[in-house]
Q: 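One structure is given below, represented as structure tokens, and several questions about it will come after.
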Amino acid sequence: MKYWRKPLDADRIKIPEGELHILRERCKGCAFCVEYCPKDVLELSHEFNSKGYHPPIVKNGAICVHCQLCEMLCPEFAIFCVLKNQKEPAHES
Amino acid sequence: MKAAEVEEIQKKPKTRKTKSVEEEHPLEKWLRMDRMPHIWCSTCGIGTAVTCFIEAIKKTTLAREDICVVSGIGCSGRIAGYIKQDSFHTTHGRAIPFAVGLKLANPKLKVVVFSGDGDLSSIGGNHLIHTARRNLDITVLCINNFIYAMTGGQVAPTTPPTAIATTTPYGNYEHPFNLPALAAACGAVYVARWTALHVRRLTNSMAEALQKKGFSFVEIICPCTTLYARKNKLGSGLDLMKFYHDNSVIVNGADPREVDIQFQSEIKVGKFIDVDKPTYLDSYNTYMKTKLGDKFKPYGVTDEERQ
Ligand SMILES: Cc1ncc(C[n+]2csc(CCOP(=O)(O)OP(=O)(O)O)c2C)c(N)n1
Ligand code: SF4
Ligand code: SF4
Ligand code: SF4
Ligand SMILES: [Mg+2]
């Protein structure tokens with residue numbers, strides 16, 4: 001990560017890595033999760049689920065920071081994220 | 001079909017997929033999964049508010065069995081039926097009186113009314129104002145989607161001026177309620193408003209409201225895609241969420257009289273009121289003590305607490 005000024009707590013901060021679980025059949029394709037993921041991890045798939053909606057798919061799972069915003073916003077209880085790992089940030093100055 | 005064939009089919013293991021454990025959503029323990037999928041339309045925000053409520057309960061020290069959820073009738077009124085808590089789905093407008101009865105019969109309960117703008121401020125308006133006036137120790141969470149959604153989009157006391165509803169095809173010409181101002185004027189000790197997009201702040205506010213002693217009121221501005229958005233040509237619930245994103249302003253401590261909502265204009269959100277005053281039962285107990293002295297046995301207080 002590149003900083004303009006290195007944060008004082010940079011040595012203590014770890015970057016969480018999330019693992020996404022999508023319950024495709026429960027989703028109603030509202031795209032709240034896709035729209036508001038701060039890391040742009042998700043996108044709506046072209047395929048339909050059996051209800052006729054397009055559930056999200058993970059576009060770039062490696063950059064998910066486990067903020068759980070997708071999980072909070074989903075009105076269908078159809079997506080959740082579990083903490084997989086915490087990695088040390090690579091600092092550059 | 002021959003009897004033998006039928007038997008053959010019945011013997012076959014059911015092919016319905018069973019979920020693996022990892023696929024179990026963490027909120028399933030808190031929801032009545034036998035009732036899912038819920039009735040709410042795609043891009044309706046009510047489900048999001050439910051998630052925030054469950055997360056809020058987790059943030060408090062309240063025991064799950066001490067929380068009771070009461071709803072009236074409406075799309076929002078379905079909440080009580082989906083939450084796996086002691087919960088009651090009452091008649092239209094009567095969620096608050098039911099909650100008052102619960103609270104007075106069992107003052108140890110944390111009683112939460114979770115219902116719609118029409119249910120709480122129209123047919124149930126009198127109950128709202130008098131329960132706030134008495135400062136009864138309950139929490140009211142109001143889903144405000146600016147419309148009577150379940151019955152087909154009639155005008156509500158919260159519909160902003162000029163907005164179109166089934167019963168105002170040329171637009172609404174009435175003066176709407178400003179719900180935080182109403183609750184505050186009636187005596188609520190905690191008043192906040194957030195939109196369904198402010199998930200973190202809404203969760204924190206709900207947790208504060210749950211822990212507040214006295215009448216707490218949280219308004220949740222919520223997208224209704226099928227009626228409010230469609231009638232007013234505002235796109236889907238996702239477009240309303242984007243609208244909240246671009247047009248809500250956080251003004252904690254704002255005078256509730258100044259947070260009225262106009263059609264598609266700025267929405268002021270925040271915690272507006274957080275004050276302390278004796279609850280209904282506190283007032284009853286202290287006042288009656290002055291009148292009856294030691295003959296009076298305080299209500300809703302354990303012997304230990306009385307010491
Ligand atoms: C006594 C009575 N009057 C009218 C109705 C019809 N009714 C059902 S829901 C509703 C309005 C609900 O509006 P709101 O509380 O805003 O809930 P929403 O559907 O918008 O979430 C009405 C008028 C009823 N069920 N009972
Ligand atoms: S947890 Fe956060 S970063 Fe990961 S997909 Fe969900 S919203 Fe995006
Ligand atoms: S927020 Fe939920 S219902 Fe909406 S698209 Fe994402 S997973 Fe599907
Ligand atoms: S009609 Fe409106 S409030 Fe009711 S479930 Fe549909 S979007 Fe939600
Ligand atoms: Mg409504």
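The figures that follow rest on heavy atoms only: side chains count, while hydrogens, waters and symmetry mates do not. To find a chain, count down the sequence lines: A is the first, B the second, and so on, and within it residues start at 1.
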Q: So which atom in A:G29 and which in B:S42 form the shortest heavy-atom distance, rounded to 0.1 Å?
A: C-OG, 4.3 Å
Q: Contact part of B:L238 toward chain A, heavy-atom cut-off under 4.5 Å: side chain, backbone, both or neither?
A: both
Q: Hey, could you give me the CE/CG distance between B:M36 and A:L23, rounded to the nearest 0.5 Å?
A: 12.5 Å
Q: Any carboxylate oxygen within less than 4.0 angstrom of a Lys/Arg side-chain nitrogen, looking at B:E28 and A:R26?
A: yes
Q: Please identify, among B:T225, B:V50, B:T51, the residue contributing the most non-hydrogen atom pairs under 4.5 Å to chain A.
A: B:T51
Q: By number, which residues in residues 46-70 of chain A have some heavy atom less than 4.5 Å away from chain B?
A: A:K51, A:Y53, A:C67, A:Q68, A:L69
Q: Do you know which of B:I46, B:L27, B:L31 has the most heavy-atom pairs with chain A at a distance under 4.5 angstrom?
A: B:L31
Q: How are the rings of B:H25 and A:F77 set to each other: parallel, tilted or perpendicular (split at 30° and 60°)?
A: perpendicular
Q: For B:R201, is the CZ atom crowded, meaning more than 12 foreign heavy atoms sit under 6.0 Å from it?
A: no
Q: Please indicate whether B:R64 has more than 12 foreign heavy atoms, meaning atoms of other residues, nucleotides or ligands, lying under 6.0 Å from its CZ.
A: yes
Q: State, with a plain yes or no, whether a side-chain heavy atom of A:E71 is found less than 4.5 Å away from one of B:P26.
A: yes
Q: Measuring only between side-chain heavy atoms, which start at C-beta, is B:E24 closer than 4.5 Å to A:F80?
A: no
Q: Would a 4.5 Å heavy-atom cut-off, applied to side chains only, mark A:F32 and B:T43 as touching?
A: yes
Q: With a 3.5 Å distance limit and no angle check, can you tell me whether A:K28 reaches the backbone of B:W40 through a side-chain donor-acceptor pair?
A: yes
Q: Is it the side chain or the backbone of A:E76 that comes within 4.5 Å of chain B heavy atoms, both, or neither?
A: both
Q: If I measure from the heavy atoms of chain A, does B:L197 come under 4.5 Å with its side chain, its backbone, both, or neither?
A: both
Q: What part of B:A196 gets closer than 4.5 Å to chain A, counting heavy atoms only: side chain, backbone, both or neither?
A: backbone
Q: What I'd like to find out is whether the side chain of B:T48 reaches to under 4.5 Å of the side chain of A:M72, using heavy atoms alone.
A: no
Q: How close do B:H38 and A:P75 get, heavy atom to heavy atom, and via which atoms?
A: NE2-O, 2.9 Å
